[in-house]
Q: 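The structure under discussion is supplied below as structure tokens; questions concerning it will follow.
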Amino acid sequence: MSDLRETVIAWQLGWAASRELPSAQPVDGGLRVECRQQLRDVEIFALHADDDPDSVTRLAEMLPAEPDTAWLTVATREPDRVAALLEAAGLEFYSRVEALMTTDLRTQPVRTVAAPYRLHTEVTGPVVHVTVLADDGTEAARGYAGLAGSYAVIDRILTAPEHRRRSLGTAVMTALAEAAIAAGAPQGLLVGSVEGQALYGSLGWSKVADVLVAKLPGA
């Protein structure tokens, strides 16, 4: 996946499907999404950060015009240069440590849940939702995947604190992969936190680019 622009577009499509967001609107060098997510109302995704660095500056200049809280998210193979551009545009970082990652889901290690846990997979349109239930019926772990063509974007993997260190996250990843492959989406994409990158790396995922998230100071 050498074309970072196409990778970001595929990720955004699957992420939006997972969260049932409206279609992105093209802007100068990026995509704008009315996401209404926690901490931000609008998110702008840069598409040409590495081959057109000036586009990062142009997108940064759009944030003050947004009536609500907005983020600028940039996937890049040149994070230091992009960070300097964002800082020069007057933005501050929400995060500089996330990573865009990919894998062939058909090669991912397989893990199933052991009793007393029960795993349930539900596919609704382009969204796969996996839940692991404890013996008392409470949610022990969960995760989503948004399907976009041949891509499955893994999203919101979470294990409850009292159920960690039991490989439930890996079991959720297995179930998401199986459902995605069955739906014709064998190529996995995700944006991982530092903690998540350790899990995904152990499952064979590889880093495509750094992901920088910036916002207006105080936003």
Side-chain angles (χ1 to χ4, degrees), residues 1 3-27 30-47 71 73-75 98-113 118-133 139-159 168-193 196-197 199-200 203-209 211 213:
M1 302 185 75
D3 190 331
L4 185 55
R5 174 184 178 275
E6 296 303 320
T7 305
V8 172
I9 290 173
W11 175 84
Q12 193 280 321
L13 284 171
W15 176 76
S18 169
R19 302 194 178 207
E20 300 182 331
L21 302 180
S23 299
Q25 300 301 310
V27 292
L31 297 171
R32 179 186 181 276
V33 183
E34 293 273 358
C35 59
R36 305 299 169 187
Q37 299 294 293
Q38 186 179 22
L39 302 179
R40 80 276 196 198
D41 302 292
V42 172
E43 193 157 1
I44 297 174
F45 299 93
L47 297 179
W71 285 1
T73 297
V74 187
E98 296 182 342
L100 180 62
M101 305 180 76
T102 187
T103 196
D104 184 334
L105 295 173
R106 294 166 292 194
T107 66
Q108 188 174 258
V110 174
R111 169 76 71 172
T112 57
V113 297
R118 294 169 289 127
L119 185 145
H120 175 70
T121 301
E122 180 180 1
V123 181
T124 305
V127 181
V128 181
H129 180 200
V130 172
T131 307
V132 176
L133 299 178
E139 183 180 271
R142 54 101 168 135
Y144 295 81
L147 308 180
S150 62
Y151 297 98
V153 174
I154 307 303
D155 186 33
R156 290 176 289 169
I157 306 297
L158 178 67
T159 301
L168 299 184
T170 304
V172 168
M173 293 289 287
T174 294
L176 290 171
E178 290 174 344
I181 293 165
Q187 189 67 39
L189 287 173
L190 60 80
V191 171
S193 64
Q197 289 169 48
L199 167 63
Y200 308 132
L203 299 178
W205 289 69
S206 58
K207 180 178 174 179
V208 175
V211 176
V213 183

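Heads up: numbering here begins at 1 and tracks the sequence.
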Q: Only counting residues at least two apart or in another chain, list the ones meeting salt bridge (Lys or Arg N to Asp or Glu O under 4.0 Å) with Arg118.
A: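 Scan of Arg118 (salt bridge (Lys or Arg N to Asp or Glu O under 4.0 Å), adjacent residues dropped) gives none.
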
Q: Quick check: closest heavy atoms across Leu13 and Ala148, and the distance to 0.1 Å?
A: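 The answer is CB-CB, 3.8 Å.
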
Q: Side chain to side chain donor-acceptor pair (under 3.5 Å) with Gln197: which residues, sequence neighbours excluded?
A: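 Testing Gln197 for side chain to side chain donor-acceptor pair (under 3.5 Å), a comparison that skips the adjacent residues, returns none.
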
Q: Taking the side chain as every heavy atom from C-beta outward, state whether Leu4 and Leu100 have any atom pair closer than 4.5 Å.
A: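 Counting from C-beta outward, Leu4 and Leu100 do come under 4.5 Å.
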
Q: Who passes side chain to side chain contact (heavy atoms under 4.5 Å, CB included) against Val127, sequence neighbours left out?
A: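 With neighbours one apart ignored, the set is Tyr144.
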
Q: Grab the two heavy atoms, one from Ala10 and one from Leu189, that are nearest each other, plus how far apart they are.
A: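 Looking at all heavy atoms of both residues, the closest pair is CB-CD1, 3.8 Å.
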
Q: Thr112: what forms a side chain to side chain contact (heavy atoms under 4.5 Å, CB included) with it, not counting sequence neighbours?
A: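 Here no residue qualifies.
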
Q: Grab the two heavy atoms, one from Leu147 and one from Ala185, that are nearest each other, plus how far apart they are.
A: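 In this case the closest contact between Leu147 and Ala185 is CD2-CB, 4.1 Å.
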
Q: Going by side chain to side chain donor-acceptor pair (under 3.5 Å), name the residues that satisfy it together with Thr121, two or more places apart in sequence or in a different chain.
A: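 Side chain to side chain donor-acceptor pair (under 3.5 Å) list for Thr121, sorted by chain: empty.
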
Q: Looking at OH of Tyr151 and OG1 of Thr7, how far apart are the two atoms once the value is rounded to the nearest 0.5 Å?
A: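 So the OH of Tyr151 and the OG1 of Thr7 are separated by 6.0 Å.
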
Q: Considering residues at least two apart in sequence or located in another chain, which fulfil the ring-ring contact (aromatic ring centres under 6.0 Å, His included) criterion with Trp71?
A: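 With sequence neighbours excluded, Trp71 shows a ring-ring contact (aromatic ring centres under 6.0 Å, His included) to Tyr94, given in chain and number order.
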
Q: Would you say Gln108's side chain and Thr103's backbone share a donor-acceptor pair under 3.5 angstrom?
A: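 No.
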
Q: Listing request: all side-chain hydrogen bond (donor to acceptor under 3.5 Å, both in side chains) pairs with a residue in residues 15-24, at least two apart in sequence or in separate chains.
A: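 Sorted result for residues 15-24: Ser18-Asp155, Ser18-Arg156, Arg19-Gln37, Arg19-Asp155.
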
Q: Which pair of non-hydrogen atoms, one from Leu105 and one from Gly188, has the smallest distance, and what is that distance?
A: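 So the two residues come closest at CG-N, 3.8 Å.
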
Q: Which atoms form the tightest heavy-atom contact between Ala24 and Leu31, and what is the distance?
A: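 Looks like CB-CB, 4.0 Å.
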
Q: For Arg40, give me all partners under side chain to side chain donor-acceptor pair (under 3.5 Å), at least two apart in sequence or on another chain.
A: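 Arg40: side chain to side chain donor-acceptor pair (under 3.5 Å) contacts with Glu43.
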
Q: Do the side chains of Met173 and Ile157 get nearer than 4.5 Å, heavy atoms only?
A: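 Yes, close enough: below the 4.5 Å cut-off.
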
Q: What pairs with Arg111 under side chain to side chain donor-acceptor pair (under 3.5 Å), at least two apart in sequence or on another chain?
A: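 None.
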
Q: Where is the tightest heavy-atom contact between Glu98 and Ser193, given as atom of each residue plus distance?
A: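 Result for this residue pair: CG-CA, 4.4 Å.
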
Q: Go through the structure and list residues passing side chain to side chain contact (heavy atoms under 4.5 Å, CB included) with Ala145, not counting sequence neighbours.
A: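 Val128, Ile154, Leu176.
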
Q: Rounded to the nearest 0.5 Å, what's the gap from OG1 on Thr73 to CD1 on Ile44? Could you check?
A: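 Between Thr73 OG1 and Ile44 CD1, I get 9.5 Å after rounding to 0.5 Å.
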
Q: What distance do Leu168 atom CG and Leu119 atom CG have between them, rounded to the nearest 0.5 Å?
A: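 The CG atom of Leu168 sits 9.0 Å away from the CG atom of Leu119.
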
Q: We want to know whether Thr102 and Gln187 form a side-chain donor-acceptor pair, criterion being a heavy-atom distance below 3.5 angstrom.
A: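 Indeed, the side chains of Thr102 and Gln187 share at least one donor-acceptor pair under 3.5 Å.
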
Q: Can you name the side chain to side chain contact (heavy atoms under 4.5 Å, CB included) partners of Gln38, sequence neighbours left out?
A: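 Counting only residues at least two positions away or on another chain, Gln38 forms no side chain to side chain contact (heavy atoms under 4.5 Å, CB included).
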
Q: Who passes salt bridge (Lys or Arg N to Asp or Glu O under 4.0 Å) against Glu34, sequence neighbours left out?
A: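 Partners of Glu34 by the salt bridge (Lys or Arg N to Asp or Glu O under 4.0 Å) criterion, ordered by chain and then number, come out as Arg32, Arg36.
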
Q: Using the side-chain contact (heavy atoms from CB on, under 4.5 Å) rule, take Leu133 and His120 through it: C-alpha gap first, then chi angles, then the decisive distance, then the call.
A: CA-CA 8 Å; Leu133 299 178; His120 175 70; 5.8 Å; no

